[in-house]
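Reading through the structure tokens given below for one structure.
Quantities reported herein were computed from a predicted structural model and do not represent experimental measurements.
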Amino acid sequence: MARRRNIAASVGGWSARHRWAALLIWVGFVVTATLAGNAVGTKGMEPWEDDNGESRKAAIVLDAAGFPDVAGETVLIQAKGSTAPADFRAVAEDVRKAVLATGAVENVRTPYDAEEPAPISQDRRSALVTFDMKGEGKTAKERVQPVIDAVAGVQRGHPGLRIGQAGEASSGLLIGDVLGDDLVRAELLSIPLTFGILLAAFGALLAAVVPLVVAFTAYLGSIGLLALTSQFLHVDSATTNLMLLIGLAVGVDYSLFYIRREREERARGRGRERALEIAAATSGRAVLISGITVIVAMAGMFLTGNGIFMGFAQGTILVVLVAMVGSMTVLPAILSLIGDKIDARVVHGTVRKLTGRTWRRVLGGREGGGRVWNAILTAVLRRPIVSVLLAGGLLVGLSVPAFDLRTGEPGTADVQGSYPVMDTFRAIEEAFPGNKAPAAVVLKADDVTAPHVRKEVERFRELALGTGEIDPAFFGVSVNPDKTVAVLNLGLKGKGPSDETSEHAVRTLRERVVPPTVGLVAETYVYGSVAGVMDFNAQLGSTVPLVFTFVLLLAFVLLLASFRSLVAAVTAIVLNLLSVAAAYGVLVMVFQYGWGENLLNFESTGSIVSWLPLFLFVILFGLSMDYHVFILSRIREAFDRGMPTEQAVTHGIRTTAGVVSSAAFIMVGVFAIFGTMSLLSFKEMGIGLAAAILIDATIVRAVLLPATMKLLGEANWYLPRWLGWLPVLEHGAGDDDDEGPDEPDALPSERIPVTVG
């Protein structure tokens, strides 16, 4: 069967020959996408789009009900230490006067009001003063600081008591500041870190700058596209941050693959044009396969039906697609334009003058993976059975804790560290247990104030309190302006979201309390943080098998078609699953068991944030394919040129060792930065991603992959006869790929020498 020239070779060849046109097209695309995106703006999610099941239906009703957009705030007045319970009347009045004096609040309630008094704890040691911020709730955080300062003034006047403020506006201000500072720091650190690793790897300024330029412009272009596509599928605000994380990782990786091969071919004596042709046909094709595999993995998130996951899928697919296209088009054009100047060793010359020694390049033109990689590979191939048992045993051992993985919501513990607002939230939850798990029953009817509806509301209250699972201190009723929707607010006994007591209370409401009361006269939905977590878990429980099947099946088909080997496709899937399982195990040991709390500066909640396991599977499965496809492409290329399998494996691992290790260092470094963030959920994500990439690039790719391929031998390329119709794709640059240097397009003195030093 005739071999088919691959798309990457054609696209890369055209770009190299028409470099100015390719550059102008790329710059035009990035500028146009950015301007268009800025013109329309990124469309954020509606309030109900991140909910699921019954919670989603309730949120849709509330969104359309026309309730005033109000941000509620609470001031805690609490006796300190062993101080005896006190009469807080005078203090509560001081708080009322102080907050009203700001002119920013309304509807102030204290425990001593005649109508609808604010709660006071059963032990009389804690009391609450509640009020609403004037104006729109979504912008209240911009006006809340004077109120916080006023409450702080009351605290200074009563040093014997604890007086603190917490609420929607004050927590929004805190989280916005904390998260904003963390994200700015992450972005400011990730780019210099990536540049530093690239500089150390290449030892050449241009070679370090070019991958960053390609990756960052791809990110900018994809952000512009996201603004356009978000008009149809809205996205969460964290999507753009995730896109920077993923875009920087894959964009730099793809550029590394390409530049490494082009430099290698130049070092072998190839002319500039021929070197670029080979790089396009080999590394370019690996980039194409890898990119499509990552996109397929990300697309699995669409199947969850959850708005946040679907937005993440949209953003990551766009940034990977643009990075892939950029690596196949503008990168060859840049390399064609710069030529051998990309390897100008300005940095090495400086190091030589300062130290008298030469800085060895990790990703120069020489073949071979360095002493460490060669030593590891030699040992692995000499004892493949021992290597598989040791590496496989280690991964299985790391995976065991994953079977104990428990998901939950961190609640107030998501913001790690000591902040006055969060400390007040926790103190309120401790003093008023019902406040840990607020819930609401949403009623929709023609007139929710009608006598027959009000009668059932009273019956609901009596029956709910009679279960012993509802805190009576937090019961209240709100009605929208046109009297078609009512919200019955109440507090559940328990420790909050993901707590069995709180979840049992929600089930009691849904199954035993609502149906025989308000359920008879209105459309009803049980809503709130606990119900939301339950509905989210139920949604994932029904869609996770579909997501896993979709990702694994399509990745398998793609690998099978690309490498024409049933065994290679199965091996890739198994190794990637082992890598992901080991990452889950590390996540459980660190964040669920609390190993390394002091080192990473966090306090374990005993669970993993509920959205993370599925998210990690999709992201890690996609990213780990980068290394596997790149290495396997090089091995298959050598095998197709006539090398025996063992020799091809050795050649493939050694020639890709430098780029894989450098790419892994970049990913691990960038992801680890997110592990330093104050939000526990982001910290878990960063450490989980960093651990997985480190495991995958070392234990899996350096030990398990070569050892497994050595044991399988020629069986690595087994393809059943009934699959013989699959196309035969080129893994090299053509039939003459193993020939010596071709006709030069530059003087011999301009060529990159095989030995650099």
Side-chain angles (χ1 to χ4, degrees), residues 5-27 198 202 204 206-211 213-215 217-218 251-291 323-344 361 363-367 630 633-634 637 641 655-656 658-659 729-748 750-754:
R5 300 285 294 181
N6 64 65
I7 298 173
S10 302
V11 172
W14 184 92
S15 297
R17 292 190 300 273
H18 305 85
R19 54 196 184 214
W20 286 111
L23 284 168
L24 288 174
I25 291 172
W26 179 255
V27 172
L198 287 171
F202 281 111
L206 283 177
V209 169
V210 167
V213 170
V214 173
T217 54
V252 169
D253 273 9
Y254 295 163
S255 295
L256 283 177
F257 297 166
Y258 218 107
I259 294 175
R260 172 62 177 88
R261 186 57 185 266
E262 191 270 345
R263 292 292 82 198
E264 179 185 326
E265 295 304 324
R266 287 293 283 150
R268 291 176 61 191
R270 304 286 192 188
R272 290 179 186 173
E273 184 176 338
R274 183 58 177 154
L276 281 171
E277 286 179 358
I278 295 174
T282 54
S283 292
R285 182 176 180 277
V287 165
L288 179 62
I289 297 172
S290 175
M324 179 182 72
V325 172
S327 299
M328 294 171 58
T329 57
V330 73
L331 182 58
I334 293 175
L335 294 179
S336 175
L337 181 65
I338 295 175
D340 294 337
K341 292 178 182 178
I342 194 172
D343 220 16
R361 293 183 299 179
L363 293 180
R366 297 178 305 225
E367 296 189 15
F630 184 58
S633 293
R634 201 63 191 269
E637 177 190 344
R641 292 208 312 260
T655 53
T656 57
V659 69
L729 304 177
E730 283 189 351
H731 290 268
D735 296 334
D736 61 341
D737 189 36
D738 57 350
E739 295 177 3
D742 51 3
E743 290 298 321
D745 54 10
L747 295 175
E750 294 178 312
R751 295 234 181 108
I752 301 298
V754 176

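- With sequence neighbours excluded, the residues forming a side chain to side chain contact (heavy atoms under 4.5 Å, CB included) with Thr329 are Val11, Ser15, Trp26, Val325, listed by chain and number.
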Report the C-alpha separation of Arg272 and Glu277 in whole Å, then their side-chain angles, then the decisive distance to 0.1 Å, and conclude whether the salt bridge (Lys or Arg N to Asp or Glu O under 4.0 Å) test is met. CA-CA 9 Å; Arg272 290 179 186 173; Glu277 286 179 358; over 6 Å; no
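- A pairwise comparison of heavy atoms in Pro332 and Ser327 identifies CD-O, 3.4 Å as the closest pair.
- Applying the ring pair (Phe, Tyr, Trp, His ring centres under 6.0 Å) test to Phe257 and every residue at least two apart in sequence or in another chain returns Phe630.
- Rounded to the nearest 0.5 angstrom, Arg285 CZ and Ile7 CD1 are separated by 10.0 Å.
- By the side-chain hydrogen bond (donor to acceptor under 3.5 Å, both in side chains) test, Ser336 is found to be paired with Arg19, residues two or more places apart in sequence or in another chain being considered.
- For the atom pair CZ of Arg634 and OG1 of Thr656, the computed distance is 7.5 Å after rounding to the nearest 0.5 Å.
- Between Ile278 and the choices Glu262, Glu273, Arg261, Arg268, the side chain to side chain contact (heavy atoms under 4.5 Å, CB included) rule is met once, by Arg261.
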Show, in sequence, the C-alpha distance, side-chain angles and deciding distance for Val214 and Tyr254, and conclude whether the side chain to side chain contact (heavy atoms under 4.5 Å, CB included) test is met. CA-CA 10 Å; Val214 173; Tyr254 295 163; over 6 Å; no
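- Gly284 and Tyr258 get closest at one heavy-atom pair: CA-CE1, 3.7 Å.
- Checking side-chain atoms of Arg266 against main-chain N and O of Arg270 turns up a donor-acceptor pair under 3.5 Å.
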Can Val210 and Ile338 be said to form a side chain to side chain contact (heavy atoms under 4.5 Å, CB included), step by step? CA-CA 10 Å; Val210 167; Ile338 295 175; 4.0 Å; yes
Using side chain to side chain contact (heavy atoms under 4.5 Å, CB included), reason through Leu256 and Leu198 one step at a time and then give a plain yes or no. CA-CA 9 Å; Leu256 283 177; Leu198 287 171; 3.4 Å; yes
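- The OG atom of Ser255 lies 8.5 Å from the CG atom of Leu335; values are rounded to the nearest 0.5 Å.
- Taking CG of Leu288 as the reference point, atom CE of Met324 lies at 5.5 Å (rounded to 0.5 Å).
- Taking the side chain to side chain contact (heavy atoms under 4.5 Å, CB included) definition, one finds that Val27 meets it with Val31, sequence neighbours left out.
- Using a 4.5 Å cut-off on side-chain heavy atoms (C-beta onward), Thr282 and Ser633 make no contact.
- Shown here are the side-chain hydrogen bond (donor to acceptor under 3.5 Å, both in side chains) partners of Ser290, two or more places apart in sequence or in another chain: Asp626.
- Residues Ala280 and Gly13 approach most closely at CB-N, 4.4 Å, considering heavy atoms.
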